[in-house]
Amino acid sequence: NSHAASAGPGEAEALLLACFASRCQAKVSVFNLVTLANECMESASFRQETLNALEKNIDDAERLLTAHDGALVPHYLALLLACSDNKLSAYEVLEIIGARPGMTKTYTPMEALAAVACGEDYDVGVRAMSVACMSALGVPATYLTNAEDVLSGESNNKSIRGLANLYTSSLNELIAAVVQNKVMVKVGKACYALITDESRSERERSAGMEMMEELLRLLMRLVSHATENYARLRLSLSKDSPTFVSSGVLSFYTEVLNDPAHKRFHQRSLLCVQALAVLTFKNKAVRGPVAEAHEPLLETLLQAEGNALANKPELFAALVKLHMNIEGGHGPKWQECNERVFGILRHFADTYERGGAKAAVFARCLEHNVDGVPMNRASRANGVSFKY
């Protein structure tokens, strides 16, 4: 994006003011907003100029939410995300974006975020922030507007029920937006293109890794907390997971394992294993490619983790569930692989002190699904018991 480097003082405001003109066509406003958002990601000085212009013309800026029957909502949101420098919270998105009088087409906050996340014209940093906000909307704490009262017990049961209903409703809207916009597949493909393309800048590749991390976190939160729309989510995952796994999760997992010194190596490797376990649960369409990659990736993970795996019961439980959900295949070759993998896993299980804290965490994950990862207990791989 070379335009940012040559942008002079006042250019950001000029682009913004053009959007406010009554005769400005929607496509021109969209172009200007996308340009502003992308250039804010390229230049800190341009970002500050744009932020100043927004504050100076705040009334006109807010009218963009209703202009052209609300068609500019996602693009305005993308600009706010870019200007915030990763400081716009998911709750603030809920407050800013919503149905407004006089609009024939409305965007829920979840739909607007999904549109930005899937928007190929946006800088990867903007898309990554959008996915991070979607992920945050999958957490109940995001909806606590008066957290201190709730935690101190001053809120009554009615307000707590209202909060629970708001979260459930919002989560269903989030699932609907993810499914309708094919967020998993589209964002996963974009991440794959970024993290495997060595011609990309370090900033772009890093943003691609962060976006994929947040995407997997979003997936886990949706699977863990979904209620009414759970069946719709599972159906969508069944249809889209072959593409999502091959062009997203496995490549990300490989990149994660190639950088064991990264400060978030453990969080990312855990997310990868849990996501693969979720996607292979009673889903034959993806078992083949995951089963083929499972043992070599496990060996690479063990090389990176070493004996430290014994101190990470959540990761250990996810590896067991992944192997159970894969099943592996048929014939003696698969049986040999099954025995080898379970031999490795059993070795680490034997290092747990029976009844100890780590063994208790492992047991809760395996028996009570406290990690939100399902396990196929009828799996043909279920031939080894763990004593904890």
* Asked: How many angstroms lie between atom CZ of R63 and atom CG of N57, to the nearest 0.5 angstrom?
  -> 10.0 Å

* Asked: Which atom names give the shortest non-hydrogen contact between T35 and F31, and what distance separates them?
  -> OG1-O, 2.7 Å

* Asked: Does one hydrophobic cluster hold both I195 and V183, with members joined at side-chain heavy-atom distances below 4.5 Å?
  -> yes

* Asked: Where is the tightest heavy-atom contact between G372 and M220, given as atom of each residue plus distance?
  -> O-CE, 4.4 Å

* Structure fact -> So CD of E339 and CZ of R346: to nearest 0.5 Å the spacing works out to 9.0 Å

* Main-chain N/O of Y122 paired with R127 side-chain donor or acceptor, under 3.5 Å -> no

* **P313: side-chain contact (heavy atoms from CB on, under 4.5 Å) partners, not counting sequence neighbours** => Y352, K358, V361, F362

* Asked: Can you tell me if S43 uses its side chain to pair, donor with acceptor, with the backbone of C40 under 3.5 Å?
  -> no

* Structure fact -> Residues at least two apart in sequence or cross-chain that pass side-chain contact (heavy atoms from CB on, under 4.5 Å) with T168, listed by chain then number, are N172, T227, E228

* Determine yes or no for a side-chain-to-main-chain donor-acceptor pair under 3.5 angstrom, with T300 supplying the side chain and P296 the backbone. => yes

* So among V28, L64, N38, L77, which one has a side chain to side chain contact (heavy atoms under 4.5 Å, CB included) with L33? -> L64

* Asked: I97, V178: one ILVMFWY side-chain cluster at the under-4.5 Å cut-off?
  -> yes

* Asked: Any side-chain heavy atom of F252 sitting closer than 4.5 Å to one from L216?
  -> yes

* Mind running salt bridge (Lys or Arg N to Asp or Glu O under 4.0 Å) on E42 and R203 for me, showing each step along the way? => CA-CA 10 Å; E42 293 282 352; R203 180 188 74 83; 3.7 Å; yes

* To do: Return yes if some donor-acceptor pair links the side-chain N/O of N181 with the main-chain N/O of A115 below 3.5 Å, else return no.
  => no

* **Inter-residue atom distance R234.CZ - L279.CG, 0.5 Å rounding** => 7.5 Å

* Asked: Under the 3.5 angstrom rule, does the side chain of K321 hit a backbone N or O of C365 as a donor-acceptor pair?
  -> yes

* Say whether V34 and L51 are linked into one hydrophobic cluster, either directly or through other cluster members, by side-chain heavy-atom distances under 4.5 angstrom. => no

* Trace of the side chain to side chain contact (heavy atoms under 4.5 Å, CB included) decision for M41 with M129 -> CA-CA 11 Å; M41 297 304 298; M129 284 187 276; 3.7 Å; yes

* Compare all side-chain heavy atoms of L94 with those of Y143 and state whether any distance is below 4.5 angstrom. => yes

* Any chance you could lay out the side chain to side chain contact (heavy atoms under 4.5 Å, CB included) test for V249 and M212, step after step, and finish with the verdict? => CA-CA 8 Å; V249 187; M212 192 66 195; 4.1 Å; yes

* Could you state the interatomic distance from CG (L174) to OH (Y167), rounded to the nearest 0.5 Å? -> 8.5 Å

* Asked: Is any NZ, NE, NH1 or NH2 atom of the basic residue among E214 and R217 found under 4.0 Å from an Asp or Glu carboxylate oxygen of the other?
  -> yes

* Verify, without hydrogens or angle tests, whether N325 (side chain) and P374 (backbone) share a donor-acceptor contact under 3.5 angstrom. => yes

* Kindly work out whether a path of hydrophobic side-chain contacts (I/L/V/M/F/W/Y, heavy atoms less than 4.5 Å apart) joins L270 to V139. => no

* Is any side-chain N of the basic residue among D259 and R268 closer than 4.0 Å to the acidic one's carboxylate O? -> no

* Check the hydrophobic clustering (I, L, V, M, F, W, Y; side-chain heavy atoms under 4.5 Å; chains of links allowed) and say if Y253 and Y192 are grouped together. => no

* To do: Look at the side chain of N32 and the backbone N and O of L15, then say whether any donor-acceptor pair between them is shorter than 3.5 Å.
  => yes

* Identify the heavy atoms of T142 and A136 that sit nearest to each other, and give their distance. => OG1-O, 2.5 Å

* To do: May I ask you to decide if E202's main-chain N or O and S206's side chain share a donor-acceptor pair within less than 3.5 Å?
  => no

* Just do the side chain to side chain contact (heavy atoms under 4.5 Å, CB included) check on F342 and M324 with the steps written out, would you? => CA-CA 10 Å; F342 259 127; M324 292 280 283; 4.0 Å; yes

* Is it true that a side-chain atom of T254 and a backbone atom of L250 form a donor plus acceptor pair closer than 3.5 Å? -> yes

* Are any side-chain N or O atoms of E49 and backbone N or O atoms of E11, one a donor and one an acceptor, separated by less than 3.5 Å? -> yes

* To do: Go through the steps to decide whether L88 and I96 satisfy the test side chain to side chain contact (heavy atoms under 4.5 Å, CB included), and finish with yes or no.
  => CA-CA 11 Å; L88 188 69; I96 294 169; 4.1 Å; yes

* **Between N338 and H323: side-chain donor-acceptor atoms closer than 3.5 Å** => yes

